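Encoded as structure tokens, here's the structure I'll be asking about.
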Amino acid sequence: MPSELVCFEQNCRTRFPITEVIYNCAWCGGLLEVDLASAGIDAAALKRTWRERRMCNTIADQSGVWRYREMLPFAGHVHLAVSLREGNTPLLDAPLAARYGGLDRLVFKHQGFNPTGSFKDNGMTCGVTQAIRLGMKRVACVSTGNTSASMAAYASAAGLEPIVFIPHGNISYGKLAQALEYGARTLQVEANFDQILALVRNLAERIGIYLLNSINPFRIEGQKTIGIEMLEQRDWNPPDWIVLPGGNLGNTSAFGKALRELREFGFIEKLPRLAVIQAEGAAPFYDFVRTRSGFRPVTNPETLATAIRIGDPVSWPKALREVSESNGVVEKVSEQEIADAKAQIGRCGIGCEPASAATLAGIRKLTEQGVIQRKADVVAVLTGNLLKDPDYIYRYHTGQLKAPGGEPLESKFGNSPIVVPNDADAIARLLSDTQNSEPGT
Ligand code: F0G
């Protein structure tokens with residue numbers, strides 16, 4: 001049977017052809033997911049094939065997404081793939097961050113090494129390839145910044161017209177600059193992410209644009225390869241925990257689906273537990289999982305980690321299933337905790353954007369609570385590159401960072417630049433005074 005779209009709602013499960021332009025179930029309005037054509041998947045053989053492909057120079061084999069094409073719903077269409085050599089992101093050991101997080105060892109899967117600097121590229125290569133397969137000419141997304149940067153790049157690379165909708169005044173300049181430079185028509189809407197998403201879902205059908213938000217199941221399929229690549233890099237040894245920041249919850253859905261499929265097809269035996277970390281001011285999923293009393297969106301989400309400033313995450317039903325199936329947890333962290341964790345990740349020589357640092361802040365909290373054990377094998381996913389939001393960094397290190405409510409945050413690990421005269425003696429004196437002290441202490 002070929003891959004199909006299927007309604008995620010367990011009491012509906014209506015099926016649709018893979019080439020239908022549809023974002024929600026036509027019967028019940030539920031989310032859609034891909035039911036992958038899995039006949040003939042031979043885990044042992046594919047483990048070898050995927051490794052061999054790393055030695056090959058074809059585009060599809062060089063891409064850290066399309067290399068795993070047997071796990072994607074594009075059989076017979078891989079030649080259409082729009083690739084910027086995404087994926088291939090490293091696992092980085094971070095002893096300092098491990099100590100800070102209360103662990104013996106911590107490894108980061110750094111998605112900031114992607115072509116547009118975030119994990120969105122894994123999904124976007126598939127989303128834009130699906131747009132090509134469908135013959136669409138215009139693509140659009142609503143974004144807190146990274147999706148728009150990624151979509152702009154892939155759409156332009158494919159010769160499609162990208163249209164980006166972003167919340168006015170609430171995305172970092174690094175991300176806005178990317179959308180402009182990659183040639184997207186960029187509309188700054190005077191509303192928050194959730195309001196704009198509702199607006200654009202309505203608009204997409206009216207004016208015939210293909211929507212590339214993470215409700216698009218092809219985005220989720222591509223994002224699965226982050227988990228697949230991670231497992232391959234670990235020689236198929238699942239960690240105890242995978243820790244992710246949670247915003248719209250597409251990534252949680254993608255990781256969960258990837259891991260379940262890998263188990264179902266015989267690549268791994270054990271499911272890692274998922275830990276999803278939200279920012280305190282935008283934590284509807286945390287509240288829901290803790291109380292289980294109906295999903296209540298946060299109407300005015302606030303966090304300096306603007307990537308996850310989302311109060312009504314569309315993918316929460318899928319994320320709930322993945323957290324439950326993996327025996328996972330959801331935690332929330334404060335602005336101060338994110339800022340300090342971020343500085344620690346920087347000190348490892350690694351760095352990331354604020355939303356990504358929620359992972360380490362969450363790990364620290366979860367080890368303190370005894371939920372994650374000190375000896376546990378933990379991989380945290382850093383979703384975006386440090387350069388995405390330099391303004392935040394400068395403010396933190398110079399003691400000027402303020403929480404959304406205006407209260408100043410402490411620069412516990414601040415490292416302010418020092419202005420010096422053009423005078424060798426004065427500089428030598430200064431450096432000999434400070435040679436034994438750590439920066440920022
Ligand atoms: N980290 C970063 C850097 C992000 O950009 C996002 C989401 C997330 C984490 C959360 O991932 O939504 O799958 O739970 N950014 C979206 C955007 C919403 O528009 O770029 P999620």
Side-chain angles (χ1 to χ4, degrees), residues 108-114 116-124 127 140-153 164-167 170-172 174-176 178-179 184 186 189 192-194 196-197 200 211-216 219-220 222-224 226-227 243-258 274-279 282-286 301 303-316 318-320 322-323 330 333 338 342 345 351-362 380-389 392:
F108 289 121
K109 171 84 171 148
H110 204 327
Q111 292 302 111
F113 282 63
N114 259 307
T116 78
S118 87
F119 72 113
K120 303 291 182 182
D121 293 343
N122 286 68
M124 202 52 78
C141 71
V142 184
S143 178
T144 56
N146 280 323
T147 299
S148 49
S150 184
M151 191 199 75
V164 154
F165 296 82
I166 49 176
N170 266 307
I171 80 166
S172 74
K175 299 172 190 177
L176 175 58
Q178 284 182 291
T186 303
V189 187
N192 69 26
F193 176 91
D194 307 302
I196 308 171
L197 186 55
V200 172
L211 201 50
L212 281 172
N213 272 93
S214 57
I215 44 165
N216 185 314
R219 288 258 327 270
I220 301 291
Q223 262 170 242
K224 287 188 322 193
I226 306 171
V243 187
L244 307 163
N248 218 13
L249 300 172
N251 207 29
T252 306
S253 317
F255 260 90
K257 187 168 191 279
L274 296 179
V276 181
I277 317 296
Q278 298 208 287
F285 190 52
Y286 168 87
T303 170
L304 297 180
T306 49
I308 50 174
R309 190 173 180 266
I310 293 174
D312 192 6
V314 268
S315 293
W316 73 261
K318 287 185 178 177
L320 177 63
E322 305 307 350
V323 168
V330 184
V333 288
I338 293 175
K342 186 172 135 49
I345 297 169
C352 64
E353 68 161 286
S356 311
T359 53
L360 179 58
V381 180
L382 298 181
T383 42
N385 191 288
L386 168 143
L387 291 171
K388 288 279 187 176
D389 198 349
Y392 179 106

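Atoms within each ligand, like the ligands themselves, are counted from 1 in listed order. By convention here, the first residue in the shown sequence is residue 1. The shown structure was predicted, so the numbers you read here are calculated from the model rather than taken from an experiment.
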Next on the checklist: Could you report the tightest heavy-atom contact between T144 and A307, atom names first, then the distance?
Outcome noted: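 T144 and A307 have their closest heavy atoms at OG1-O, 2.9 Å.
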Next on the checklist: Can you give me the closest heavy-atom contact between V333 and G362, atom names plus distance?
Outcome noted: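 That closest heavy-atom pairing would be CG1-N, 3.6 Å.
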Next on the checklist: Taking non-hydrogen atoms within less than 4.0 Å of ligand 1, which protein residues qualify?
Outcome noted: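 Ligand 1 pocket, heavy atoms under 4.0 Å: F119, K120, S143, T144, G145, N146, T147, P245, G246, G247, N248, L249, G250, N251, A307, I308, I310, E353, A355, T383.
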Checklist entry - ring pair (Phe, Tyr, Trp, His ring centres under 6.0 Å) with F113: which residues, sequence neighbours excluded? => result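 Result, ring pair (Phe, Tyr, Trp, His ring centres under 6.0 Å) vs F113: H110.
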Checklist entry - Which residues pass the side-chain contact (heavy atoms from CB on, under 4.5 Å) test with I171, sequence neighbours left out? => result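 Only I166, P167, K175, L176 meet the side-chain contact (heavy atoms from CB on, under 4.5 Å) criterion with I171.
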Item to check | Worked verdict on S150 versus D121 for side-chain hydrogen bond (donor to acceptor under 3.5 Å, both in side chains) | outcome: CA-CA 6 Å; S150 184; D121 293 343; 2.5 Å; yes
Which pairs would a plain distance check flag for residues 243-256, meaning a side-chain donor or acceptor within less than 3.5 Å of a matching protein atom at least two apart in sequence or in another chain?
unit_1 : atom_1 : unit_2 : atom_2 : d
N248   : OD1    : V314   : N      : 3.0
N251   : OD1    : Q223   : NE2    : 3.0
S253   : OG     : L249   : O      : 2.7

